[in-house]
Amino acid sequence: MDRSRITIFDTTLRDGEQSPGCSMNAPEKLRMARQLDRLGVDVIEAGFPISSEGDFESVRMIAAEIRRPKIAGLARAHAKDIERAWHALEHAARPRIHVFLATSDIHLKYKLRMTREQCIEQAFEQVRFARSLCSDIEFSPEDATRTDLEFLCSVCEAVVEAGATTLNLPDTVGYTVPSDITRIFSAVRERIRRDDVVLSCHCHNDLGLAVANSLAAVEAGARQIECTINGIGERAGNASLEEVAMAIRVRSDAYPYELGLHTEQLYPTSALLSEITGAQVQANKAIVGRNAFAHEAGIHQDGVLKNPLTYEIMTPHSVGVPDNKLVLGKHSGRSALNHRCEELGYRFTRRDLDNVYRRFVDLADQVKVVEDTHLLRIIREEMAMGVMPDLVEPTRAAGASAHAATS
Ligand code: KIV
Ligand code: ZN
């Protein structure tokens, strides 16, 4: 195993799809899977084949068409689930069966009504069965992070002996903090001591810690991160793929690992998911939110215009965001206003710009964001009063008709 390489396991189409309002039909999942392939993820978890005919069909279609990444299908630790998953995956170039069984006492007692001994036996038997069908088997002890650590290690040992090739330790309820993750992953790693078995993390975001926990897991030896586009998933969601990826890329000094991702596909992937599900991304979401590269404060705008490095730790281009956006509002200064006027095709003298700026500030007090159309109205009115700006080549879309609008 190459320990400097992190495997990105995308579960947008399985765990992500379980979030309210994010369900997708088979053709929609296939469209999304093609884009995930373009993005360069290593594993696509395409669905949970026994859960519905639709999910079975989605996994089958994706497995038949998408050849580069591994395609995973989820199964409970039951022979019927595993057979169904395998049937859906049978035409995949690189199939993976992902078997799970809860291991925490709270799940064993109230949900599964089984003892620890029964749990370990079932995990062993079903992983062995899955391995008789497929050479790539992932096992997840559900609620791993709330499982007694000694018992968790014993389950992990048993499933590795039965043939599991990836051991995923889910923080199913998003309860864990980074120091817990370090302790749990280090203990399991110490106990298993197998270079051919990949440790994986799968963190939910109930306390807003999914990305931080995933990075802690990597530091403690995990080499696969399970995550979703836009962080969608059960309740508060899963670790967000774009955040995990850019934390590793931007802070390569702290996380010196290789990723197979083409990060300039992050924004197009996020946008496609929003288009398909109708679930919009919050404006201030890191990396892909509408405001992630927007600057409104005058001092920031002035700095970014002089050198983007003053306020940007990555370029919008590196994550596929079309260009950086200077939002014109009441905190903006003359420098940004001048820049936008020129983008719209008008270059003012210093004195005329002062007049435009005064009117701009009055308007910005009333509206939250001054749009290009507002600015063009101000410019038109100034020109009607005799101001004569130089006409320059417009560089913004709205500016294409700017001169016509003011003539
Ligand atoms: O959160 C979880 O425990 C899961 C498992 C099925 C991996 O999604
Ligand atoms: Zn999950």
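Remember, it's 1-based here, ligands and their atoms both numbered in the order they're listed. For the numbers below, each heavy atom of this structure counts, side chains included, while hydrogens, waters and symmetry mates do not.
- Note: H295 and Y311 have tilted aromatic rings, judged against thresholds of 30 and 60 degrees for the angle between ring planes.
- Near E142, meaning under 4.0 Å from one of its heavy atoms, ligand 1 places the atoms 3 (O).
- Atom numbering of ligand 1 starts at 1 in the shown order; those under 4.0 Å from a heavy atom of S140 are 7 (C).
- Within D15, the N/O/S atom positioned nearest the Zn ion (ligand 2) carries the name OD2.
- Using a 4.0 Å cut-off between charged side-chain N and carboxylate O, R60 and E90 make no salt bridge.
- With D206 contributing its side chain and Y175 its backbone, the two residues share no donor-acceptor pair below 3.5 Å.
- Side-chain contact, T11 with E45: a donor N or O sits under 3.5 Å from an acceptor N or O.
- Under the 4.0 angstrom criterion for non-hydrogen atoms, E234 is not in contact with ligand 1.
- Here K285 pairs with E243 in a salt bridge; the nearest charged N to carboxylate O distance falls below 4.0 Å.
- Shown in contact with H204 at under 4.0 Å from a heavy atom are these atoms of ligand 1, numbered in order with element: 1 (O).
- For the pair R5 and Y257, the cation does not sit on the ring face, since its NZ or CZ is not both under 6.0 Å from the ring centre and inside 45° of the axis.
- Using a non-hydrogen distance threshold of 4.0 Å, E226 does not register as a contact of ligand 1.
- Protein heavy atom closest to atom 5 (C) of ligand 1, with residue, atom name and distance, is R14 NH2, 4.0 Å.
- Contacts with ligand 1 closer than 4.0 Å are made by side-chain heavy atoms of D15 only, the backbone lying farther away.
- Under 4.0 Å is where a charged nitrogen must lie from a carboxylate oxygen, and between R128 and E125 at least one such pair does.
- Neither side chain, T147 nor S104, offers a donor N or O lying under 3.5 Å from an acceptor on the other.
- When hydrogens are left out, the protein atom nearest atom 4 (C) of ligand 1 is H202 NE2, 3.5 Å; that is the closest non-hydrogen contact.
- Residue nearest to atom 3 (O) of ligand 1, selected from L101, T172, N238: T172 (by heavy-atom distance).
- The angle subtended at the Zn ion (ligand 2) by NE2 of H202 and NE2 of H204 is 100°, given to the nearest 10°.
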